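To start, the structure itself, in structure tokens.
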Number of protein chains: 4
Amino acid sequence: MSCKVSAMVGRPRSEAARKAILRAALDLCARDGYQNVTMKGIAQAAGSGRQTVYRWWQTKAQVLLESLTGVLAEEVPEVPETGDARADLVTFLERTFVLAQGVAGQVVTGLMADAQSDPGLAAELREKIITPRRAALRSILARGAVPGDVDLELAVDLVYGAMWYRLLNRHAEVNTDLAEEIAGLLGRIR
Amino acid sequence: MSCKVSAMVGRPRSEAARKAILRAALDLCARDGYQNVTMKGIAQAAGSGRQTVYRWWQTKAQVLLESLTGVLAEEVPEVPETGDARADLVTFLERTFVLAQGVAGQVVTGLMADAQSDPGLAAELREKIITPRRAALRSILARGAVPGDVDLELAVDLVYGAMWYRLLNRHAEVNTDLAEEIAGLLGRIR
Amino acid sequence: MSCKVSAMVGRPRSEAARKAILRAALDLCARDGYQNVTMKGIAQAAGSGRQTVYRWWQTKAQVLLESLTGVLAEEVPEVPETGDARADLVTFLERTFVLAQGVAGQVVTGLMADAQSDPGLAAELREKIITPRRAALRSILARGAVPGDVDLELAVDLVYGAMWYRLLNRHAEVNTDLAEEIAGLLGRIR
Amino acid sequence: MSCKVSAMVGRPRSEAARKAILRAALDLCARDGYQNVTMKGIAQAAGSGRQTVYRWWQTKAQVLLESLTGVLAEEVPEVPETGDARADLVTFLERTFVLAQGVAGQVVTGLMADAQSDPGLAAELREKIITPRRAALRSILARGAVPGDVDLELAVDLVYGAMWYRLLNRHAEVNTDLAEEIAGLLGRIR
DNA sequence: ACGTAATCGAGACGGTACGTCGCGTCTTGCG
DNA sequence: CGCAAGACGCGACGTACCGTCTCGATTACGT
């Protein structure tokens with residue numbers, strides 16, 4: 001998108017540095033926790049200069065958001081329509097929850113925290129991470145996992161809500177059992 | 001409990017300062033957002049010395065946790081048993097959600113964020129805020145708002161999860177309508 | 001001098017506390033050095049309250065000035081007139097220098113330092129410590145240790161100056177040898 | 001001397017900041033007195049960050065020692081050998097005392113005070129300020145201002161001692177008259 | 001003997017400087 | 001001109017000491 005025709009002089013952006021930074025941010029987040037990650041630390045761990053990070057991202061949240069996008073893109077929980085609505089739902093949730101148990105959980109949790117005081121980040125987070133997955137879950141639910149007259153937005157809130165709640169509060173795990181249990185309970189709605 | 005009989009020498013703790021600090025913390029949180037509150041700022045706003053804050057609390061999270069406790073204690077959502085399980089549930093959720101829409105939402109959200117990197121705070125938060133309210137909701141649900149064989153812990157996760165999800169992600173309001181909707185959906189479980 | 005006739009009600013001043021404070025100040029000064037002595041530390045070491053110290057002295061300098069006065073009063077270097085002017089001078093200087101090598105040196109050095117930024121203390125220090133000793137040295141010198149037409153004030157400056165210089169700069173000891181050497185050099189003035 | 005050939009990466013030290021800090025320290029010392037100078041104040045007055053001061057100096061004493069070195073280097077009291085030993089001595093002392101009456105006196109006095117509780121500073125002060133000037137005075141005296149068999153170290157102690165004594169105790173000025181008087185008295189030693 | 005009043009200890013109070021750390025920006029030389 | 005290195009101005013951190021204050025307890029005097 002940038003550097004269309006004119007100019008394009010000087011040394012080009014180092015793709016190696018970009019990847020190193022995204023990777024370093026992820027690793028540090030896994031090791032020290034999101035809140036303890038710093039721009040300085042990211043640059044250091046990536047073996048890059050501080051300015052190189054700031055040149056392409058404004059905040060650590062943006063770095064980690066892009067890191068996260070990379071992680072999630074590798075394994076998007078797209079579920080083929082098998083005809084069994086509940087099985088599809090379970091499959092979707094299982095895949096989602098497995099991701100949430102890994103670094104992605106760490107990152108997305110931290111991003112959500114930062115988003116509380118950064119409306120721009122909040123919007124970006126919703127746009128790039130939350131909303132697409134809400135839409136995916138909604139379409140799965142629409143296959144018949146809940147009765148047709150149920151408010152799907154509310155159902156999505158309940159399901160993802162439970163996941164977020166457990167991710168943040170850690171009173172219980174977000175594992176494959178939860179997928180089954182949620183699907184089971186939704187299936188009892190008449 | 002403390003300072004029962006013996007000892008109790010020296011100048012006693014200033015209750016005025018304590019209240020001023022708790023109040024200032026709350027006000028700052030409402031004005032600037034949890035993440036932008038600082039110990040220095042709290043002390044300044046409370047017209048107290050920095051050491052006075054640190055003498056009684058170790059972190060801003062602890063200050064705000066106590067502030068929050070004060071706020072929540074004023075209006076505990078205890079619901080009399082009317083016999084109508086669903087009505088009780090709605091009442092409980094409405095009261096809960098009204099609180100969540102105010103400063104308490106700001107604070108509890110920030111505390112949850114901090115708790116991600118502070119296990120001690122996480123435990124305290126669960127113990128003092130989360131768990132009691134989970135128990136309250138659970139007992140309300142047990143009055144018959146959901147069928148007897150439903151896993152109440154899971155039901156609590158779904159309900160509070162939806163609230164937390166909306167509080168954090170702000171894709172929808174946490175208002176009295178939500179109370180009705182949730183109660184309605186739970187009521188359809190067979 | 002104080003509390004002449006009227007009033008004089010209430011609990012009388014604790015002489016024990018006064019002595020303990022003066023003693024503690026001196027001990028701390030010897031142990032930690034003048035600059036590291038604090039009012040809090042003095043009170044603690046004396047087993048007294050902070051206010052008790054502040055009630056009777058305004059600054060640590062005043063406490064230590066009184067402590068010092070006590071020390072110096074114990075052994076005032078008054079020299080009997082033996083007829084041998086030089087011997088009298090040596091005796092006086094030896095006694096003076098012995099005192100200077102002890103805690104008194106520590107204290108007076110620190111007081112002098114503080115006096116640089118506290119004109120009141122400077123005046124008090126001159127009045128109570130410096131001037132009396134200058135007068136004493138001057139009268140000894142006037143016995144014939146230097147020719148009669150020598151400016152005695154200048155001579156005093158040279159002698160006490162050498163002592164102070166060595167006390168502060170520590171490039172050489174202030175010992176009895178110095179007394180002999182100074183007396184010898186003054187004796188060569190014609 | 002430093003940063004000779006290799007390395008020398010990163011942004012170079014700001015000479016402007018360095019000079020501003022040294023200057024600010026000096027100004028504050030002249031205005032508020034050595035004891036009231038703070039690292040925070042120096043940084044503020046210099047328009048620099050606190051860390052920038054700490055990066056290059058550990059204490060305010062070190063800052064002011066370097067400031068002082070700058071001041072003294074501007075006008076080193078080097079005296080050409082005129083053949084008249086006493087005249088040379090008077091010239092040297094006059095130049096010395098003029099400096100001592102200015103800010104340099106303030107600073108060196110404060111440094112000496114701090115040196116009482118900081119052996120490292122004491123050594124540095126002796127090495128960089130005291131000893132070179134002692135050597136200079138000694139060589140002047142050796143030109144014949146005092147008889148050849150007089151202990152020059154002692155003579156230096158007496159002369160500089162008088163200066164220091166007056167600087168600290170302020171019972172008399174350190175002016176050009178003093179230079180004449182001291183030279184006169186030394187000239188009477190046989 | 002008993003109230004009055006100033007003392008005592010202890011320690012919390014509002015301040016402020018300390019020295020450290022992370023921020024986001026800047027200024028170098030090298031590739 | 002991108003990039004590493006790292007110094008820069010800034011400001012919050014948690015600590016220490018300042019001098020003041022507020023407690024309960026103690027100790028003399030003047031009724």
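Naming: A, B, ... by sequence-line order, numbering from 1 per chain. Because the structure is predicted, anything quoted here is derived from the model rather than measured.
Rounded to whole Å, the distance from CZ on B:R55 to P on F:dG14 is 15 Å. Spacing between atom CD of D:Q35 and atom P of E:dA17 amounts to 16 Å, rounded to whole angstrom units. One atom, CG of C:L28, and another, P of F:dC17, lie 12 Å apart when rounded to the nearest Å. A:Q62 has its CD atom 11 Å from the P atom of E:dG24, to the nearest Å. The distance between atom CH2 of A:W57 and atom C1' of E:dG24, rounded to the nearest whole Å, is 16 Å. Rounded to whole Å, atom P of E:dT25 lies 9 Å from atom CE of A:M39.
Among the heavy atoms of the strands, none lies under 4.0 Å from C:Q58. Nucleic acid contact class of C:G41 (heavy atoms, under 4.0 Å, all strands): none.
For the pair A:A46 and B:P12, nearest-nucleotide mapping onto DNA chain F gives the more 5' position to A:A46. When each of D:G10 and B:Y54 is assigned the nucleotide of DNA chain F bearing its nearest heavy atom, the one mapping closer to the 5' terminus is D:G10.
Closest to the D:K40 side chain, of the nucleotides E:dA17, E:dC23, E:dT7, is E:dA17. With distances taken from any side-chain atom of B:Q51 to the nucleotides F:dA4, F:dC8, F:dT15, the minimum falls on F:dT15. The side chain of C:R11 approaches F:dT26 more closely than any other nucleotide in the set F:dT15, E:dG19, F:dT26. Nearest to the side-chain atoms of D:V9 among the listed nucleotides F:dG6, F:dG2, E:dG22 stands F:dG6.
Contact annotation: the side chain of B:T59 never approaches that of B:L121 to less than 4.5 Å [non-hydrogen atoms, C-beta and beyond]. A 4.5 Å side-chain heavy-atom check between B:V71 and B:V103 finds every atom pair outside the cut-off. In this structure the side chain of A:I21 reaches within 4.5 angstrom of the side chain of A:V63, judged on heavy atoms. No side-chain heavy atom of A:R18 sits under 4.5 Å from any side-chain heavy atom of A:W56.
Between A:T38 and the phosphate of E:dC23, there is a side-chain N or O to OP1/OP2 separation shorter than 4.0 Å. For A:T52, a side-chain nitrogen or oxygen approaches OP1 or OP2 of F:dA4 to under 4.0 Å. At E:dG11, none of the side-chain N or O atoms of B:W56 fall inside 4.0 Å of OP1 or OP2 (strictly under the cut-off).
Residue side chain D:R50 reaches the base of E:dG19 through a donor-acceptor N/O pair under 3.5 Å, judged by distance alone.
Closest heavy-atom contact between A:K60 and A:Y34: NZ-O, 2.9 Å.
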